[in-house]
Undergrad: 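Before I ask anything, here is the structure I am working with.
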Amino acid sequence: MIKLTRRIHSIAGLVLMVWVLIYFVTGYVMVREQWFPRSTPVAETKTETLTWAGDPNPQALMAYLEMTYGFHGKGQAPVKMEDGTRRFVWSAPAGDQEAKVSSDGRQVQITRKNNGLVSRMHAVHRLHGYDGGIKYDLWAFFFDLTSAAMILFAITGVYLWWKTTRARLAGWICLVGSCAFTALVFYRLTMMR
Amino acid sequence: MRDKQILNIIMAYPTKPVQPAVKKRVRTIAYTIHLYGGLLCVPYLIIFGLSSLDFNHHFLPKAKQPATNWVASFTPKPELDDTAATAWIRDNLDLIGWIPRAQLRRIDAANVQFKVLHPGKTYLVRAQLTDGRAEVEEVGNSWGYLVVALHGNRGVPASKLMNFWAYYGQFCALLVTFSAVSGVYLWLEAGRDRFSGTVIMAVALALSLAFLWWII
């Protein structure tokens, strides 16, 4: 059982090491925003003539725009504005891209944003959800694996410590101390004013 | 012939290389930090894991608890503006949390309504600024909401405990990052399943980095 647990702990770590590093490094950058400030994305806008005589369905137009202008990223739900223009947005860690189609459907204003490194790290960390195509579904799957691995590391790690360490006092102090602190936080936030 | 037999015996039993003292010390330090740092981070890892899974699957309970109402008094300070007055009232009532400006409402010259929020509860406070009387509607959040809110929490205003939680989270982030690398080092040093583990790690590393490049 110890051997199996050690193997699970090790292999999960080897397989998911990059993902663990991605999430904890980007997470630290997000939490310490005063040390890692985000720069304003550089935006480039241009207007082009749109030749679209196809299906008026917004999803079909979105697919056409994606193919014609090379938009990439997670497509958001199209929005129709009050003046009749239709707004399409694709979100990607590198920067959002937007296409605004005029009410008569003859022009499209394209805006491409280029995020700085810190903004990209924020965007990578926040990327989740099983939507947006195979690329993002796969990312969400690895996100789930990494999340489950956190729980797995905690449980297998405690088991391995319990089974392989003879002098357990220091371990008990660490484990009980951290659990007691967490319990205190929960108590403070739920039971006290 | 005898020399060849002796040589075969020696070659069949390779001797373990003696580890230099420095290398052994590094291994011991890495193992100690990995082990005890890991034990310190156990509850945070579980909270991280559950909250992250919830971002994709929304399975944690989020229903709010029934509201309770109570009345309390505070020391009036009419000279304060709305922002300072609400913070003063919050502190006087021994509450902790953020006061969203967008939900601050001046009802009349003597009365103000505002909310105080923290991961565990929401308070709707109606305060009489001249009398020093506050009516509070308190609504508790579910434990699932709390777990998600603690993910990456950077502290709660007026709470030293929650500020310590924020530092604890950052400490765990650094420790897990170290543990990811030290774990690989310790596995290499242990010498178990080295070939299969190296193949797994190399493939996973290449695929992960390629995927990261593709998604960015």
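Residue numbering restarts at 1 for every chain, and letters A, B, ... go by the order of the sequence lines.
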Undergrad: Judged by atom type as modelled, is there a donor-acceptor pair below 3.5 Å linking the side chain of Asn56(B) to the main-chain atoms of Ala140(A)?
TA: yes
Undergrad: Looking at every heavy atom in both Tyr167(B) and Arg32(A), which two are closest together, and how far apart are they?
TA: CE2-NH2, 3.5 Å
Undergrad: Counting only heavy atoms not in Phe164(B) (residues, nucleotides, ligands), do more than 12 fall under 6.0 Å from its CZ?
TA: no
Undergrad: Using a cut-off of under 4.5 Å on heavy-atom pairs, state which of Ala149(B), Gly49(B), Gly152(B) scores highest against chain A.
TA: Gly49(B)
Undergrad: Heavy-atom pairs under 4.5 Å with chain B: which of Tyr130(A), Phe142(A), Trp172(A), Tyr136(A) has the most?
TA: Tyr130(A)
Undergrad: Just checking Arg168(A): does its CZ atom have more than 12 heavy atoms from other residues, nucleotides or ligands closer to it than 6.0 angstrom?
TA: yes
Undergrad: I want to check something: taking the side chain as every heavy atom from C-beta on, are Arg154(B) and Glu33(A) in contact at a cut-off of under 4.5 Å?
TA: yes
Undergrad: What heavy-atom pair brings Ser52(B) and Phe143(A) nearest, and what distance separates the two atoms?
TA: O-CE2, 3.1 Å
Undergrad: Which region of Trp19(A), side chain (C-beta onward) or backbone (N, CA, C, O), has a non-hydrogen atom less than 4.5 Å from a non-hydrogen atom of chain B, or is it both or neither?
TA: side chain
Undergrad: Are the aromatic rings of Tyr23(A) and Phe48(B) close, with centres under 6.0 Å apart?
TA: no
Undergrad: Which answer fits Thr165(A), side chain, backbone, both or neither, if we ask what part of it has an atom under 4.5 Å from a heavy atom of chain B?
TA: side chain
Undergrad: Which bit of Leu138(A) comes within less than 4.5 Å of chain B, counting heavy atoms only: side chain, backbone, both or neither?
TA: both
Undergrad: Is there a side-chain contact between Phe186(A) and Val147(B), using heavy atoms and a 4.5 Å cut-off?
TA: yes
Undergrad: Quick check on Ile173(A) against chain B: is it the side chain, the backbone, both or neither that has a heavy atom closer than 4.5 Å?
TA: neither
Undergrad: Is there a side-chain contact between Ile46(B) and Met150(A) in this structure, where contact means two heavy atoms from C-beta onward sitting under 4.5 Å apart?
TA: no
Undergrad: Keeping Lys121(B) on the side-chain end and Leu189(A) on the backbone end, is there a donor-acceptor pair under 3.5 Å?
TA: no
Undergrad: Check each atom of Val185(A) against the heavy atoms of chain B and say whether the ones under 4.5 Å are side chain, backbone, both or neither.
TA: both
Undergrad: Where the side chain of Ser178(A) meets the backbone of Leu39(B), is there a donor-acceptor pair that is under 3.5 Å apart?
TA: yes
Undergrad: Measure distances from Val15(A) to the heavy atoms of chain B and classify the residue's part below 4.5 Å as side chain, backbone, both or neither.
TA: both
